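Note sheet for the following structure.
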Amino acid sequence: MSQRIKLVHPRDQITEIISRIYKRGMTTTSGGNISIIDDEGNIWVTPSAIDKGSIRPSDIICVKKDGAVIGKHKPSSEFPFHKAIYEARPDIRSVIHAHPPALVSFSIVRKIPNTNIISQAKHICGPIGYATYELPGSEQLGEVIADEFKKGYKAIIMENHGTVLGGSDLSDAFQRFETLEFCARTILYGSQIGTPNYLTDAQIDEFEAQVPSMIPEMEKPEHPSDELEKRLEICKIVQRACQQGLMISSYGTVSMRWRNNDFLISPTNVNRWDMDIEDIVQIKDGKREKGKTPSRATWIHEEIYKRNPNVNSIIMTQPPYLMSFGVTKTHLNVRTIPESWIFLQDIATVKYGDHFKTNKTSEFLNNCTTALIIENDSVMITGDKLLQTFDYLEVAEFSAKSIVLGNSLGKMVPINDDQVEDLRKKFLS
């Protein structure tokens with residue numbers, strides 16, 4: 001969590017995150033609970049039986065270290081296991097419990113999602129624990145969960161119940177929660193169209209070893225009005241992508257060409273939900289803004305801007321339906337509706353590892369297609385205006401979703417070659 005977020009009161013932090021979880025469809029009106037333990041040992045927790053869609057800071061309960069309850073509601077019925085976790089793990093400072101659909105799917109078939117499905121998830125989530133079923137709200141449930149946390153886990157599947165996650169702060173816990181649910185969704189969607197393929201530990205270690213390129217720092221960056229406008233535009237699109245479920249807090253890179261081959265890009269190791277204009281990194285004459293670490297994908301963006309003068313914005317992210325094609329090596333045929341093909345044409349796929357810095361000769365850097373899937377890593381969308389590029393991303397994800405959902409109905413019947421040629425003549429010639 002960034003320094004500015006740490007200064008927010010626990011009540012406001014909890015309200016923001018539970019609202020975010022609810023709006024993203026990862027909990028219900030009555031389901032889920034969040035807590036934070038402060039430096040004095042007091043636990044701030046969501047109340048029982050209060051609408052998660054309209055909860056306010058004044059609704060949050062404080063259970064004092066001595067057991068006194070401060071607030072106008074009762075603490076969450078699951079408070080006992082929150083308390084048990086904090087007693088078992090002093091390093092855990094925040095806990096999230098919810099019933100997100102994909103993770104509940106795993107809990108009711110009694111399986112643990114394999115986080116090796118995408119590059120960063122194993123590092124973000126860590127090993128996943130498993131708590132056997134106990135009565136919700138009971139001391140026994142608290143004991144079972146606390147025993148799992150004592151083993152070193154920070155993420156646990158609760159049998160026939162949901163999930164519970166801990167973090168060093170609420171931002172850390174939410175990032176783990178969102179990433180784990182994303183993994184579960186990607187595996188589920190991928191299983192509907194093919195067989196998910198997982199990365200080896202060695203491949204993930206290679207990904208993690210890609211230290212963001214510490215290119216030289218510039219002496220003093222310039223921030224004229226056009227540069228500030230682009231910073232704001234990037235932040236708005238990142239926030240929108242998170243809200244739309246097209247980006248998660250642990251992954252996503254957005255950049256815009258500024259002048260010539262100079263550009264602005266999102267940073268590494270900053271929660272995407274909380275990104276603001278001061279986090280954005282300026283890259284000018286091959287140098288980075290002083291004191292900032294740009295995305296580890298900066299070299300890809302730099303090479304694309306150099307080699308493709310018509311590309312002025314790039315988004316790299318992990319939308320779940322598109323990624324279901326990326327983890328199953330299943331071809332994504334976007335000849336679903338006219339708009340999809342007009343915007344995207346045919347989407348190529350590149351092997352995992354081709355996006356590492358050691359592969360600067362990779363063919364995808366030249367003559368960039370509008371959309372590209374990098375296996376088990378991300379989807380890359382390029383375009384002119386950033387809003388246009390974001391629109392392409394939405395169209396691609398909608399197309400992928402239609403195919404995944406339609407797969408249960410029967411075989412997809414795409415627009416035929418003659419119809420595609422008609423589209424080409426009318427819209428692309």
Side-chain angles (χ1 to χ4, degrees), residues 185-186 188-197 237 240-241 244-247 257 300 303-305 307-352 354-355 362-429:
R185 288 187 183 192
T186 302
L188 285 172
Y189 300 157
S191 298
Q192 294 181 50
I193 58 172
T195 302
N197 298 291
I237 287 296
R240 189 165 169 178
Q244 295 287 88
L246 298 169
M247 187 175 289
R257 190 192 296 269
I300 296 176
E303 291 297 322
I304 288 174
Y305 288 133
R307 305 183 195 190
N308 300 269
N310 294 326
V311 172
N312 291 305
S313 61
I314 303 168
I315 299 175
M316 293 179 71
T317 186
Q318 295 174 331
Y321 287 99
L322 282 166
M323 288 304 298
S324 70
F325 288 86
V327 303
T328 58
K329 300 183 180 180
T330 302
H331 173 62
L332 173 55
N333 186 348
V334 295
R335 297 183 179 192
T336 51
I337 60 174
E339 180 189 46
S340 296
W341 189 83
I342 292 166
F343 282 4
L344 305 169
Q345 283 85 66
D346 296 319
I347 297 181
T349 301
V350 299
K351 292 181 179 180
Y352 183 86
D354 279 1
H355 61 306
S362 296
E363 182 56 33
F364 77 85
L365 296 171
N366 299 313
N367 303 313
C368 264
T369 57
T370 301
L372 178 77
I373 295 174
I374 302 172
E375 291 177 356
N376 293 88
D377 183 83
S378 61
V379 174
M380 184 172 72
I381 310 289
T382 63
D384 183 15
K385 304 295 184 183
L386 183 55
L387 183 60
Q388 174 198 57
T389 303
F390 182 75
D391 187 24
Y392 292 162
L393 171 63
E394 286 186 314
V395 170
E397 177 70 349
F398 273 49
S399 300
K401 183 175 182 179
S402 298
I403 296 170
V404 171
L405 297 181
N407 195 59
S408 63
L409 301 175
K411 184 178 180 181
M412 171 186 165
V413 181
I415 296 170
N416 64 42
D417 291 343
D418 290 339
Q419 292 167 332
V420 166
E421 188 57 32
D422 289 340
L423 293 172
R424 189 190 309 277
K425 289 176 181 177
K426 182 172 183 178
F427 295 98
L428 300 178
S429 60

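Nothing here was measured: the structure is a model prediction, and the numbers come from that model.
Between I374 and H355 the shortest heavy-atom distance is CG2-ND1, 3.6 Å. Considering every non-hydrogen atom in both Y392 and I381, the closest pair reads CB-CG2, 3.6 Å. When all heavy atoms are compared, the tightest approach of I337 to I415 is C-CD1, 3.5 Å. Residues M380 and I300 approach most closely at SD-CG2, 4.0 Å, considering heavy atoms. In terms of heavy-atom proximity, R185 sits nearest to P320 at CB-CB, 4.4 Å. Of all the heavy atoms in G326 and I373, the pair that sits closest is CA-CG2, 3.5 Å.
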Stepwise side chain to side chain contact (heavy atoms under 4.5 Å, CB included) check, I304 with L365: CA-CA 5 Å; I304 288 174; L365 296 171; 4.0 Å; yes
Derivation of the side chain to side chain contact (heavy atoms under 4.5 Å, CB included) call for T369 and Q345: CA-CA 8 Å; T369 57; Q345 283 85 66; over 6 Å; no
Salt bridge (Lys or Arg N to Asp or Glu O under 4.0 Å) between D417 and R335, intermediate numbers included: CA-CA 9 Å; D417 291 343; R335 297 183 179 192; 2.8 Å; yes
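In this structure a side-chain-to-backbone donor-acceptor pair under 3.5 Å is missing from T382 to T389.
For the residue pair S402 / T336, no side-chain donor-acceptor distance below 3.5 Å is found, with atom types taken as modelled.
Applying the side-chain contact (heavy atoms from CB on, under 4.5 Å) test between L322 and each of T317, V404, V379, T186 identifies V379 as the sole match.
Proximity of I314 to R257: side-chain heavy atoms (C-beta onward) are nowhere separated by under 4.5 Å. Inter-residue side-chain proximity for M247 and I237 is flagged as unmet; no heavy-atom pair is nearer than 4.5 Å. Between Y189 and K401 the shortest side-chain heavy-atom distance does not fall below 4.5 Å.
Note that the OG1 atom of T328 and the CZ atom of F325 stand 7.0 Å from one another [nearest 0.5 Å]. Taking CG of N310 as the reference point, atom CG of N308 lies at 8.0 Å (rounded to 0.5 Å). In this structure, E397 CD and L246 CG are separated by 6.0 Å, a value rounded to the nearest 0.5 Å. The OG atom of S313 sits 6.0 Å away from atom OH of Y305, with the distance rounded to the nearest 0.5 Å. Taking CG of L428 as the start and CH2 of W341 as the end, the distance is 5.0 Å to the nearest 0.5 Å. Of the inter-residue distances, the one linking I315 atom CD1 with L393 atom CG reads 5.5 Å to the nearest 0.5 angstrom.
Residue pairs meeting the salt bridge (charged side-chain N to carboxylate O under 4.0 Å, His left out) criterion with at least one member in residues 366-395: none, sequence neighbours excluded.
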